[in-house]
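Whatever order the structure lists them in is the order used to number ligands and atoms, beginning at 1. All values below were derived from every heavy atom in this structure, side-chain atoms included, with hydrogens, water molecules and symmetry-related copies excluded.
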Amino acid sequence: MKVTRFAPSPTGNLHIGGVRTALFNYVFSKQSGGLFLIRVEDTDRERSKREYEEDIISGLEWLGISPDKTPIRQSERYDIYQRAAERLISSGNAYWCDCSPEDLEEMRKEQAALGKKPMYDGRSRDLGLKKSENTVLRLATPLEGETIVNDLIRGEIIFSNSELDDLILLRSDGTPTYHFCNVVDDYDQGVTTVIRGEDHISNTPRQIHIQKALDYPELEYAHLPLVLGEDKKRLSKRHAATSLNAYKEMGFTKETIINALALLGWSTENEIFLMDELIESFKLQNVQKAAAVFDLKRFNWVSSQQLAKLNDEAFFDVIKPFMKDEGINEDSTNYKKIILAMRTSKTNLKDIAHATRPFFFELDGYDEKGVSKFLNESLETLNFAHELLSKITEWNETELDIALINVRDYFNLPIPKVNQPMRIALVGSTVSPSLGLTLELFGKEKSLERIKKAIEFIG
Ligand code: GLU
C-alpha cells in the first residue's frame, strides 16, 4: 500500500503544474489502494496565506483529488520538529554552529578564490558549542561516500556526499527549516513515495541525510518533468493562464482538466479517459524524463472530446453556470434545444454558452468579414427568402430545408451563397447549427424580423 502526499507551499493560487503533481500522487496511491495526503508547507510565514491554502485544497476537492486524511499544516507542528531536533542532538548527528553571516561570507570568498564550490566547511562540528541566541543547528552529514536516489522515473541518480554541506535544521530563532520539516513530516504522515517536481532533485540527497540520521525508513522518489511554455521556458502567465481557477472559469470541466494534465509528460494509447480509467492505466515509470510542453490547443481538443462524451442531461448541468453568467435562464424559450444545437460549436463551456446569445438576445452587430464576404451581395436572395419563408405555415426543420432548396434553385446558387447570408442575418456570424434548425429554433416571427433587418442593413 502506497502513501503519497501533495505538499504545497501556500504562497499563490493552485497552479496547474501543482495540480498535475497532486494528480499523479493521487493516482499512484489509489493504484495500490493506498492513501493520498495533503500537507501545507507554510513555514514561510511572510509569503504563506490562508486564502491560498483554501484555494489549493478546494481546487483539488473540486477535481475529485481529495485527501484521505485532514491536511496538516507545518506551522502548527513546531513541537514535533523540536523533538526530532533534540533526538539528533543527543545521537550526535546535529551540532550548534555560531558562524556569523560575515564568517560565512568570508568562507565563501576564500573558497571562490581557490576555485572551490562555496559551501559550509563544517568548522563548528567538533567545537561542542552550546545553544545560544546566535547559534543554528546543523546536521553532521557524512563526509565521504555517495547518496543514491533510486528515482522511479529517472533511475539511479548519484550524489557525492562531499558536495553536500552540513545543512541548517533550526535557525538561530529556533524555527525549523524547509528540509527538516519536510523529512519529519513525510515520516510522521507515513509517506512511502515522494512524487514531486524535478526542481526538487537536488534537495533529495540532503533530505535522505536527515532521514538516515533520524533512523527513518527509506522512501521511494519520483521527480516529474517540469511543465514548460511553448518557448521552452518554465510555464508562466506569459504563456497561458496558470491557475486552476482560470481554466475552470474558461469553461473546462474537471474531467477535461484531469485528462489534459495527465497527458503532460505521460502518454497512453487511448488519450481520452476519466479518473477511473487513468487509475487503471497510469504507469509512473512511463512518465517521460524530458520537460513537458503545455499546449492550449491540445487542452481544447481534449475538452471537445470530453464534452462529446456527456449525455444531454450531464451537458445541461455543466453548462448551466455559464449560461447564467450570460444572463440566460433555464426557463428561456427553447433553452435546451438551443444548447443542444450549439454544443459542438466551440471547445469549452464558456464559449459555447456565449455562442448561444444570438438566440436569446438582440444582435449587437454583424461579423465584419461575413458582411463583406456574404451579406453585401445578397440583397435579392434575402428578399426572396423572406417572401418564401413568410408563406410557410408548418415552421419546422423539414419544411424550412425544402424552402431553402427552393431559394437556391430559383437563383441557381451554391449552398453557401444562400445559407451564409441567412446565418449572418439570424445570428450575426456564419457560426450556427444547420440553417433549417436555426430557423426552427428562432421561430417564424423572429426569423423574418432578423432577415428584414439584414435587408435594411444592406440597403
Ligand atoms: N513545498 C514544496 C513545493 O511547493 C514541495 C516539497 C515536496 O513535495 O517535497 O514545491
Between Phe299 and Phe294, how do the two ring planes meet: parallel, tilted or perpendicular, split at 30° and 60°? tilted

Per the salt bridge (Lys or Arg N to Asp or Glu O under 4.0 Å) rule, which among Lys30, Arg5, Lys2 passes with Asp68? Lys30

Once you restrict both partners to nitrogen or oxygen, which atoms of ligand 1 have a protein partner under 3.5 Å, and how far apart are they?
| unit_1 | atom_1 | unit_2 | atom_2 | d |
| --- | --- | --- | --- | --- |
| ligand 1 | 1 (N) | Ala7 | O | 2.7 |
| ligand 1 | 1 (N) | Ser9 | OG | 2.9 |
| ligand 1 | 1 (N) | Glu41 | OE1 | 2.6 |
| ligand 1 | 4 (O) | Ser9 | N | 3.4 |
| ligand 1 | 4 (O) | Ser9 | OG | 3.3 |
| ligand 1 | 8 (O) | Arg5 | NH1 | 2.7 |
| ligand 1 | 9 (O) | Arg5 | NH1 | 3.3 |
| ligand 1 | 9 (O) | Arg5 | NH2 | 2.7 |
| ligand 1 | 9 (O) | Asn182 | ND2 | 3.0 |
| ligand 1 | 9 (O) | Arg196 | NH1 | 2.7 |
| ligand 1 | 10 (O) | His200 | NE2 | 2.9 |

Is there side-chain contact between Ile16 and Val227, with heavy atoms separated by less than 4.5 Å? no

Side chains of Asn134 and Ser172: is there a donor and an acceptor less than 3.5 Å apart? no

If you apply the rule salt bridge (charged side-chain N to carboxylate O under 4.0 Å, His left out), what do you find for Glu198 with Arg154, and how did you get there? CA-CA 10 Å; Glu198 187 190 276; Arg154 282 148 213 278; 3.2 Å; yes

Any salt bridge linking Lys212 with Asp215? Criterion: basic side-chain nitrogen under 4.0 Å from a carboxylate oxygen. no

